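These numbers were taken from a predicted model, which means no experiment stands behind them.
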Amino acid sequence: MTAATPSPAHEPDALDLGLPDPVRAPGLPELVRIHEVGPRDGLQNESGLVPVEVKAEFIARLAAAGLGTVEATSFVHPKWVPQLADAEELVPRLADLPARHPGLRLPVLVPNERGLDRALAHHAADIAVFASATETFARRNLNRSADEAMAMFQPVVARATEAGIRVRGYLSMCFGDPWEGPVPIDQVVGFGVRLLEMGCFELSLGDTIGVATPGQVTALLDGFARAGVPVGRLAVHFHDTYGQALSNTLAALRAGVTTVDASAGGLGGCPYAKSATGNLATEDLVWMLHGLGIRTGVDLRALVATSGWMAQRLGRPSPSRTVQALLGAARA
């Protein structure tokens, strides 16, 4: 009787081997807060409706992986973004998460006062408003001029802050517009300052169609500095259309930014700008940050497993290179 053939030893992956090897670089922050947008910005462009129970589990898994800010959904009219029509059903399913993960924040996007009313009814502690730095995108996305959109947000921000709710401002098309081309820095700064002066605690600068390059990022952040805006009130939101999201993020970190938006598995796009492809993948961002010795509080292996789980439910591989590398392209 012959002995059984031993099973092959588990081949260690990069994380098993202690990679990435952290090497600190001068001038970079020690800690970066990741603003996870996968459940909202990541899923909103999906053509097939994702069941509410899957969304709830996705958010729960992201929180368990150590992400302290997870943007959950949007109280937008269902006609405009059908994927998020289940906001009223989703939010109550998340009610126990902050108790299970102390410090967890679950912001929701609100487009107007009606959206704010719905958020207030569900006891939201954090909301976000979404403005445009260009006229054409404002009319296509909000069905009004950029100035009219600002006027619409004024009472939203005022009422929310009076109620003790933190308000984040998003500013889209900060680096290029698919109809207008390059966007002047002073124009972006002007709209951004208006959102901050309304009462937004933080301003996220969006490269909605992914055309930015590191020099542009540095120039825009310099423009805000000249306007007297502390870099600590700025966040960055990059899409990876031309493969520049990580290099743009590094440029922002060198300028002092410490909050970066990202989407688990690289999910996302924009339903109003067809040239916008996926967001910066959270896993790819975490790999880079951990390699730079920057703390995030994120368990990369748990995050990769979560994105692999979601990719299976969406029926297609994750575009994240880190997910693909750690899970294998067939499973990612």
Side-chain angles (χ1 to χ4, degrees), residues 35-45 52 55-56 59 69-95 97-98 104-133 137-173 191-192 194-206 208 233 235 237 259 261 263 268-273 279:
H35 187 103
E36 173 60 48
V37 299
R40 197 276 301 172
D41 192 22
L43 293 181
Q44 71 176 7
N45 212 37
V52 67
K55 294 177 184 176
I59 294 168
T69 304
V70 182
E71 196 162 283
T73 187
S74 172
F75 286 104
V76 66
H77 194 287
K79 178 177 71 172
W80 300 116
V81 186
Q83 184 66 254
L84 305 181
D86 56 5
E88 260 96 0
E89 187 180 355
L90 173 64
V91 171
R93 293 172 180 252
L94 311 176
L97 287 182
L104 174 66
R105 308 197 77 98
L106 297 168
V108 295
L109 189 71
V110 301
N112 48 36
E113 285 197 86
R114 173 59 184 140
L116 176 62
D117 291 338
R118 294 168 65 197
L120 289 171
H122 287 279
H123 311 291
D126 294 79
I127 68 165
V129 295
F130 189 89
S132 173
F137 188 66
R139 292 193 177 279
R140 287 176 174 263
N141 185 37
L142 299 169
N143 198 32
R144 63 196 68 219
S145 72
D147 284 332
E148 289 169 343
M150 287 289 172
M152 178 179 68
F153 295 138
Q154 182 75 54
V156 173
V157 177
R159 286 180 55 201
T161 53
E162 287 170 6
I165 296 173
R166 297 202 316 173
V167 185
R168 183 184 221 227
Y170 280 103
L171 191 60
S172 59
M173 300 297 174
F191 282 115
R194 288 168 69 179
L195 284 169
L196 291 170
E197 289 178 343
M198 280 183 202
C200 293
F201 83 96
E202 180 175 75
L203 176 69
S204 176
L205 305 172
T208 313
R233 297 189 69 185
H237 183 116
T259 300
D261 297 1
S263 175
C270 177
Y272 302 101
N279 291 287

- Task: Go through His237 and Val37 one step at a time and tell me if the side chain to side chain contact (heavy atoms under 4.5 Å, CB included) criterion holds.
- Result: CA-CA 10 Å; His237 183 116; Val37 299; 4.1 Å; yes

- Task: Tell me, with the steps shown, if Thr259 and Arg168 meet side chain to side chain contact (heavy atoms under 4.5 Å, CB included).
- Result: CA-CA 12 Å; Thr259 300; Arg168 183 184 221 227; 3.9 Å; yes

- Query: Residues in salt bridge (charged side-chain N to carboxylate O under 4.0 Å, His left out) with Glu113, at least two apart?
  - Reply: Arg159

- Residues passing the salt bridge (charged side-chain N to carboxylate O under 4.0 Å, His left out) test with Asp126, sequence neighbours excluded, are Arg105, Arg166

- Does the side chain of Lys55 come within less than 4.5 Å of Gln83's, by heavy atoms? yes

- Flag, side chain of Thr69 to backbone of His35, donor-acceptor distance under 3.5 Å: no

- Message: Salt bridge check, Asp86 against Arg93: does any charged N sit closer than 4.0 Å to a carboxylate O?
- Response: no

Can you tell me how far [atom2] of [Y] sits from [atom1] of [X], rounded to the nearest 0.5 angstrom?
| X | Y | atom1 | atom2 | value |
| --- | --- | --- | --- | --- |
| Leu142 | Phe130 | CG | CZ | 7.5 Å |
| Arg233 | Leu195 | CZ | CG | 10.5 Å |
| Glu197 | Gln154 | CD | CD | 10.0 Å |

- For Ser172, what residues pass the side-chain hydrogen bond (donor to acceptor under 3.5 Å, both in side chains) criterion, not counting sequence neighbours? none

- Nearest heavy atoms of Val156 and Leu116, plus distance in Å: O-CD2, 3.6 Å

